[in-house]
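Heads up: the structure comes next, in structure tokens.
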2 protein chains.
Amino acid sequence: MKYHKIPDETIRRMPMYLRAFSMLKTEHQDTISSIHLAERLHLKPPQIRKDLSYFGAFGTRGIGYPVSSTAKQIRSILKLNITQKAALIGAGRLGAAIAEYPGFSMFGFDIAAIFDNEPSKIGTKVGKNVVEDISKISMIRDLDIHLAILAVPADAAQSVVDMLVGCHVKGILNLSPCYLVVPRSMKVVTIDLAMELGTLPYYM
Amino acid sequence: MKYHKIPDETIRRMPMYLRAFSMLKTEHQDTISSIHLAERLHLKPPQIRKDLSYFGAFGTRGIGYPVSSTAKQIRSILKLNITQKAALIGAGRLGAAIAEYPGFSMFGFDIAAIFDNEPSKIGTKVGKNVVEDISKISMIRDLDIHLAILAVPADAAQSVVDMLVGCHVKGILNLSPCYLVVPRSMKVVTIDLAMELGTLPYYM
DNA sequence: TTATGCTTGTGAATGTGAACACAAGCACGA
DNA sequence: TCGTGCTTGTGTTCACATTCACAAGCATAA
């Protein structure tokens, strides 16, 4: 499988695999076949095999994939083997929920700074961090943070993004219902809960 | 374009279009071409035209799409022309953020009930609703609610889903990092913020 | 009324990802 | 040491989605 371009869809599934392997590890299972993994994840076995094989031969024929070492491999493929620091912009209700969301640690993410523009929030503690004034956003560059999570109102999102560009941020998880203009070097993932919910009635 | 199966990807984009048309309406623009809409949404013009044409000919050649009536059409395609009631399970930080998220109203969603199992939360007001005990979950059936938003810890999610099945819920927006077993008649959309964030470092 | 300019709607072509089917190959036991 | 059973890795096939390219057709103005 050398000299192959890796499909975007495969990358999108890698965190799923990582989460599954991490969970299997806590269940003290030390090996899993593509068949059983596929059942858990609601996927087909060949897809899992192909996805993983893009990055090398992790499995053992007749046995399956070794849980612990495969997890480690995926972590390093996704560059999650080192702690990835992230900045959270917006300390409202949603920001607070994100700051205390336990799921990030499984992937090695660390919310290393929180910013807001509301004077009453600055200085208060949210999760393990003290909320900083948005005017100090260049801290992000000084702290060598390259990821940002955007939990601000939609009409403020673009102006925050413009600031983040100057801070050398390379990836943004955007939770505002809006489209962001960014330089090509920046990767944005936007999630709008209402939009996701919007498809469901169609299928009922 | 008659007798054609409508691609899932097209359905997934319809809420995007609806949001865009809704916003254009508030900007008092009464017509938009696929070219300009594509710029806003970071899509290609032919894709927009093809997507919309699956449901009929909404546009006017030489002019573009009439904002107001196209929005109305999409709303009725997605069954969002009538208010869709949704139940929110989990009144923690994330639940509270969702309950007050203003974006739902644009799609005609109405959070009609909130449930939790934490005694201290029951009876308190979150958003416009009073939190009910999870034991009263059959209210969902009585209120004729068919959508649920799940904002509970991952280890509680499956048991809540099993209850929702009995309440005739047909669609679930799941915010817990876990896979749910549901009857085939039920549609589930799962969002895990950590997983979405998980792909970003790969691209940096 | 007719010509012009612009944009839609859509068959066909292209591109991308999923699924299949089977050879390759490890582990375990006889 | 050899055979058996099971599962991986992958070339190929198939299905789905995107993009192209152009005819169809409305609106506006001469």
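So that the names make sense, note that chain A is the first sequence line, chain B the second, and so on, each numbered from 1.
Across the protein-nucleic acid pair, B:Gln47 atom CD and C:dG11 atom P stand 18 Å apart, rounded to whole Å. When the C1' atom of D:dG11 is taken as reference, atom NZ of A:Lys50 falls 7 Å away, rounded to whole Å. Taking atom CD1 of residue B:Ile48 and atom C1' of nucleotide D:dC20, one finds them 16 Å apart after rounding to whole Å. The distance from atom CD1 of A:Ile63 to atom P of D:dC6 is 12 Å, rounded to the nearest whole Å. Here D:dT10 presents its P atom at 13 Å from CD1 of A:Ile6, a figure rounded to the nearest Å. A straight line from NE2 of B:His36 to P of C:dC6 spans 12 Å, rounded to a whole angstrom. Counting to the nearest Å, the P atom of D:dA17 and the CG atom of B:Asp51 are 11 Å from each other. The nearest whole Å value for the distance from the CZ atom in B:Arg61 to the C1' atom in D:dA21 is 14 Å.
Set against D:dG25, D:dT8, D:dT18, the side chain of A:Ser33 has D:dT8 as its closest nucleotide. Among C:dG9, C:dA18, C:dG17, the nucleotide with an atom closest to any side-chain atom of B:Ser53 is C:dG9. Checked against D:dA17, C:dA21, C:dT8, the side chain of B:Tyr65 finds its nearest nucleotide in C:dT8. Side chain of A:Ile35, nearest nucleotide from D:dA17, D:dT7, C:dA18: D:dT7.
Regarding contacts with the backbone of D:dG11, every side-chain N or O of A:Arg49 stays at 4.0 angstrom or more from both OP1 and OP2. Not one side-chain nitrogen or oxygen of A:Ser34 sits closer than 4.0 Å to the OP1 or OP2 atom of D:dT7.
At a threshold of 4.0 angstrom between heavy atoms, the contacts of B:Pro46 include nucleobase atoms, whether or not backbone atoms are also involved.
Environment of CE in A:Met163: crowded, with over 12 heavy atoms of neighbouring residues, nucleotides or ligands closer than 6.0 Å.
Rounding to the nearest 0.5 Å gives a distance of 12.0 Å between CE of A:Met106 and CG of A:Leu80.
The nearest heavy atom of DNA chain C to A:Thr60 and to A:Lys44 marks one nucleotide each, and the one closer to the 5' end goes with A:Lys44.
Inter-residue side-chain proximity for B:Thr199 and A:Met14 is flagged as unmet; no heavy-atom pair is nearer than 4.5 Å.
No donor-acceptor pair under 3.5 Å is formed between the side chain of B:His168 and the backbone N or O of B:His146.
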